[in-house]
Each structure stands twice: as C-alpha cells, then as structure tokens.
Number of protein chains: 2
Amino acid sequence: MKTKPLLKYIDNYVSLTKKEEDFLVSKVIYRKYLKGQYLVQQGDICKYTCFVISGCTKTFYMDDLGQEHIMMFSIEDWWTSDMGSFINQTPADFNIQFLENTELIMFSYEAMEDLYRNIPKLERFFRQIIEKAFIASQKRIVRNLSMTAKDKYLYFKNQYPQIEQRIPQYMVASYLGITKEFLSKIKSQLLSEE
Amino acid sequence: MKTKPLLKYIDNYVSLTKKEEDFLVSKVIYRKYLKGQYLVQQGDICKYTCFVISGCTKTFYMDDLGQEHIMMFSIEDWWTSDMGSFINQTPADFNIQFLENTELIMFSYEAMEDLYRNIPKLERFFRQIIEKAFIASQKRIVRNLSMTAKDKYLYFKNQYPQIEQRIPQYMVASYLGITKEFLSKIKSQLLSEE
DNA sequence: TGAAAATGTTAAACTAAGTTAACAAAATTT
DNA sequence: AAATTTTGTTAACTTAGTTTAACATTTTCA
C-alpha cells in the first residue's frame with residue numbers, strides 16, 4: 001500500500017509517532033480506479049473522503065437539463081469528497097468521476113471517527129485542511145463574482161497549469177462557468193493579441 | 001458580557017465543563033460596534049474571528065473599479081471573519097462592515113491558539129463549524145454556476161428571508177452577482193407573473 | 001417639517017456570453 | 001489504416017445581464 005505520500009503530506013501539519021502512523025494506515029483503504037469510473041454519483045451517500053496518490057478526478061453537478069457544472073479537479077496530493085454528503089451521511093449533490101486511472105487512499109466515515117478518537121492530533125490536521133479548502137472556496141466565489149470570463153480563464157491557466165494540460169478544454173469551460181465555444185473564442189482572442 | 005448565546009451555540013456541538021466554559025469566556029472579547037464601522041478593511045490583517053450576538057455585517061471585496069462584491073451577510077448566531085487573513089495572518093481580501101449596531105464575541109489569533117491548546121474539544125468544534133461553512137460555500141459556487149439570476153434570487157429570498165428584510169436591495173443584487181437594476185427588473189417580473 | 005441623501009424603478013442602447021450548427025482535427029477503436 | 005467517436009473551431013444569431021440616465025420614493029437628519 002502506497003501510504004508514503006499521505007504520511008508526508010500530514011507531516012506538514014502535525015507530527016505523528018510511528019505508532020500513530022501505523023494505526024492510521026491500518027484504518028485506511030488503498031484502491032485503484034479506472035478512467036471513467038465513479039467514486040460517488042449524485043444521490044448516493046458519499047462513503048469516503050479520499051487522498052489522491054496519482055491520477056485525476058472531476059467533481060461536478062448535473063442539472064435538470066443534463067448540463068455538467070464542474071466544481072473542482074483533484075490531482076496528486078489533493079483531497080476529494082462530497083463533503084456535505086460525507087459529513088452528514090446524506091445524498092450527494094455531486095458526482096466524482098475519474099478522468100485517468102487513479103490511485104487513492106480512502107477514509108470511511110467510521111475510520112474517520114476512529115481516527116479522531118484515537119489520534120486527537122488528526123482533529124487539528126483536518127481542521128487545518130478544511131480551513132484551507134474553505135478559504136480557497138471563498139476566493140473562487142469572489143473571482144466568479146468580480147472577474148470577466150477572460151480573466152477567470154487566465155487565472156485558472158496560471159494557477160493550475162498542470163491541470164489544464166491534462167483535461168479537455170470543454171471541462172475547463174465548464175469549471176469556469178462558460179460555454180466551450182466561448183472559451184475557444186477567448187483563447188483565439190488571446191493568441192491574436194500577442 | 002453576553003456570552004450565553006455563544007455557549008449555547010457551542011453546546012450543540014461539544015459539551016464543555018463549567019471550568020472550560022469559564023476559561024473560554026476569560027479568553028474572548030465582548031464588544032459593540034456602530035453601524036458603518038469596519039471589523040476589517042481589505043489589506044489589513046484580520047485580527048479576530050467573531051460570533052455575532054446581535055446586529056448584522058456584510059463581507060465584501062472591492063475591485064479595482066471600485067465595485068463592491070458582497071460575499072456574505074452575518075446576523076445573530078453566525079460567525080464572521082476573513083478566514084484567509086486570520087489563519088495566515090496575511091492581508092485581508094475582504095472588508096467586513098457593520099450594517100447595524102452590532103454586538104460581537106471576538107476571538108484573537110492568540111486566544112484561539114490558547115483555546116485549542118487547553119480545550120482540545122474546541123479543535124473538534126471549530127472543525128465542525130468550518131466543515132459546515134465549506135459545504136455551504138461549495139453549494140453557493142454550484143448555484144452561481146448553474147442557476148439563472150431569477151432562480152438565485154428566489155433561492156436567496158427563500159433561504160434567508162430574515163436577511164432580505166434587513167438590508168437594502170442593491171446589496172442583495174451585489175450578493176447575487178447582478179446589477180441592482182436587473183434585480184429590480186426580476187422582482188417586477190415576478191410580481192406580474194402572479 | 002422640510003431638505004438632502006440614500007435607495008428603488010423604468011427604459012433605451014449596449015455588450016458579454018450563450019446557442020446552434022456545420023466543419024475540422026485529434027484520439028480511440030476495430 | 002479506416003472508421004468512429006471525441007474534442008475543438010468558427011460564425012451567424014439570440015439572450016441575459018449591464019450601463020446610463022432620468023425620475024420616483026423612502027429614509028435620515030438638521
């Protein structure tokens with residue numbers, strides 16, 4: 001089981017003893033998924049919070065008209081879950097689908113409770129992770145409110161160059177909240193500007 | 001010092017002993033602000049995370065063109081802070097301004113550290129609070145991506161009727177990411193639909 | 001109470017972004 | 001390698017939302 005990347009990641013926030021690390025490792029699940037598979041589908045209960053070891057996922061909402069609205073992508077060293085569904089064990093709002101063959105470390109709800117009970121440091125760790133996620137989420141809201149489509153695209157391109165390389169352009173458009181045609185127009189505009 | 005609403009609020013998540021409650025109370029600041037004053041201005045370091053006892057605040061970003069983009073309102077029993085600034089002690093992205101005379105309970109960065117150190121249960125409490133805030137933030141992103149202006153307004157009206165009553169309409173428009181004129185148009189459309 | 005300031009409405013002209021559809025290029029499958 | 005599917009581009013047309021500006025209403029405060 002490849003747990004090194006996770007333990008290394010955690011070590012940036014709190015330091016666990018060997019014993020604690022072993023306990024943690026005993027509680028998590030390591031699993032590979034294939035491109036196209038789903039971790040959660042909207043309406044299901046999200047059973048796991050996951051740390052991505054390798055690969056890529058998209059988290060999206062599908063509206064009544066069948067349109068996909070992409071919330072986020074996750075790659076190596078990122079977390080993914082439908083937090084609302086996982087925490088409250090209620091039906092998920094979002095789908096999480098693998099865009100590449102992906103290796104994950106998965107925390108079930110029970111494992112999470114067990115870990116909090118036995119390793120209080122992890123309470124601190126996850127608080128800090130979620131604080132960061134919340135801050136990023138708030139900043140995204142403000143970007144969506146205050147930036148033009150072009151500026152949002154430039155921000156995305158600049159902030160996540162690794163991601164832009166790996167996913168089709170229509171998914172970037174969906175993430176930015178614009179149509180694929182309009183993104184295509186923006187990109188050709190940007191090219192002709194130079 | 002009016003700390004009852006806070007203690008009652010916390011009690012929904014974790015139960016503190018009398019001693020712990022007293023310690024908590026000894027670490028926080030109770031303060032009143034007047035309508036129009038600021039808790040933080042963008043560019044400053046956000047010194048406090050606050051629990052609103054009474055009153056109302058708006059959190060907004062002001063862009064280079066001088067336009068306000070409202071992120072959130074807070075009323076009784078809500079939390080307010082520029083989380084990014086508070087956690088990292090870096091310049092704030094947002095302004096927090098009082099829309100009414102407001103009573104707050106304020107947690108400084110040092111108080112927060114002290115509280116986490118002495119009352120580990122609070123680590124759990126704040127993790128849970130932030131999880132909720134994060135979930136709400138994600139849902140807001142998806143609404144902004146997938147709903148029309150009209151539907152966003154109806155959702156807001158329905159979800160926060162207490163808030164809509166208390167604030168001017170142009171602030172609702174800013175929160176929804178549309179112009180005040182367009183909101184006015186939407187409202188008159190809705191009236192004529194019945 | 002009356003004047004000033006703040007907030008809300010309406011409408012015309014405008015612009016950013018969406019829709020549709022036809023074609024082009026790239027990636028996958030057979 | 002050909003065929004099919006997936007992804008990307010371009011362009012004409014439409015629509016949602018903005019801008020500006022003039023006027024109406026409400027609130028604040030001297």
Side-chain angles (χ1 to χ4, degrees), chain A residues 34-37 56 58 60-70 73 97-101 141 143-157 163-194, chain B residues 34-37 56 58 60 62-70 73 97-101 141 143-157 163-193:
Chain A
L34 297 174
K35 178 174 176 170
Q37 290 187 295
C56 182
K58 70 172 172 187
F60 65 100
Y61 166 70
M62 178 144 316
D63 69 22
D64 300 339
L65 303 167
Q67 268 213 278
E68 256 186 46
H69 302 275
I70 297 183
F73 302 102
Q97 189 180 20
F98 299 99
L99 300 178
E100 301 173 1
N101 295 346
I141 289 175
R143 285 197 305 276
N144 286 348
L145 289 176
S146 65
M147 287 184 171
T148 62
K150 185 172 162 186
D151 288 342
K152 280 188 279 183
Y153 168 64
L154 287 172
Y155 181 90
F156 175 80
K157 188 185 163 73
I163 295 181
E164 206 201 353
Q165 304 317 315
R166 284 161 80 164
I167 60 173
Q169 186 169 312
Y170 72 87
M171 290 190 192
V172 177
S174 169
Y175 176 87
L176 297 176
I178 60 178
T179 59
K180 55 195 187 343
E181 292 87 351
F182 192 46
L183 178 55
S184 180
K185 202 182 284 182
I186 287 169
K187 288 182 80 169
S188 67
Q189 260 177 41
L190 285 169
L191 283 173
S192 69
E193 269 174 25
E194 275 137 46
Chain B
L34 297 175
K35 178 175 175 170
Q37 291 188 293
C56 183
K58 70 171 173 187
F60 64 99
M62 178 145 313
D63 69 23
D64 299 340
L65 303 167
Q67 269 212 277
E68 257 185 47
H69 302 276
I70 298 183
F73 302 102
Q97 189 180 20
F98 300 98
L99 300 179
E100 302 173 0
N101 295 345
I141 290 175
R143 285 197 304 277
N144 286 348
L145 290 176
S146 65
M147 286 185 174
T148 62
K150 185 172 160 186
D151 288 342
K152 280 189 277 183
Y153 168 65
L154 288 172
Y155 181 89
F156 175 79
K157 188 185 163 72
I163 294 182
E164 206 202 353
Q165 304 316 315
R166 286 161 78 165
I167 60 172
Q169 187 169 309
Y170 72 86
M171 290 190 192
V172 177
S174 169
Y175 176 87
L176 297 176
I178 59 177
T179 59
K180 56 192 186 344
E181 291 86 352
F182 192 48
L183 178 55
S184 182
K185 202 182 287 182
I186 287 169
K187 289 182 79 169
S188 67
Q189 262 176 39
L190 285 169
L191 283 174
S192 69
E193 269 175 23

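This structure is a prediction, so every number in the text was calculated from the model and none was measured. These numbers come from the heavy atoms of this one structure, side chains and all, not from hydrogens, waters or symmetry mates. Residue numbers begin at 1 in each chain, while the letters A, B, ... track the order of the sequences.
- In this structure, B:Gln169 reaches the C:dT9 phosphate: one of its side-chain N or O atoms is under 4.0 Å from OP1 or OP2.
- Comparing D:dT28, D:dT10, D:dG8 by their closest approach to the side chain of B:Lys35 singles out D:dT28.
- Note: NZ (B:Lys185) to P (C:dA12) measures 10 Å, nearest angstrom.
- Atom CZ of B:Phe182 and atom C1' of C:dT9 are 15 Å apart (whole Å).
- The distance from atom OH of B:Tyr170 to atom C1' of C:dA6 is 8 Å, rounded to the nearest whole Å.
- The distance between atom NZ of B:Lys180 and atom P of C:dA6, rounded to the nearest whole Å, is 14 Å.
- Atom CG of A:Leu183 is separated from atom C1' of D:dT10 by 14 Å (rounded to the nearest Å).
- In this structure, the side chain of B:Glu100 does not engage the main chain of B:Lys35 through any donor-acceptor pair within 3.5 Å.
- In the model, B:Tyr153 has a side-chain atom that pairs as donor or acceptor with a side-chain atom of B:Glu164 under 3.5 Å.
- Here the P atom of nucleotide C:dG8 and the CD atom of B:Glu164 are 10 Å apart, to the nearest Å.
- Regarding B:Gln165, its CD atom lies at a distance of 16 Å from the C1' atom of C:dT7, rounded to whole Å.
- Counting only heavy atoms from C-beta on, A:Ser184 has its side chain closest to D:dT10 among D:dT10, D:dA21, C:dT28.
- The distance between atom CG of A:Asp151 and atom C1' of C:dA17, rounded to the nearest whole Å, is 15 Å.
- Of all nucleotides listed (D:dT20, D:dA16, C:dG18), D:dT20 comes nearest to the side chain of B:Glu181.
- Side-chain contact check for B:Leu183 versus B:Thr179: every heavy-atom pair is 4.5 Å or farther apart.
- Here A:Ser146 contributes atom OG and B:Leu65 contributes atom CG; the two are 10.0 Å apart, rounded to the nearest 0.5 Å.
- Residue A:Thr179 places its side chain closer to C:dT19 than to any other of C:dT19, D:dT7, D:dT18.
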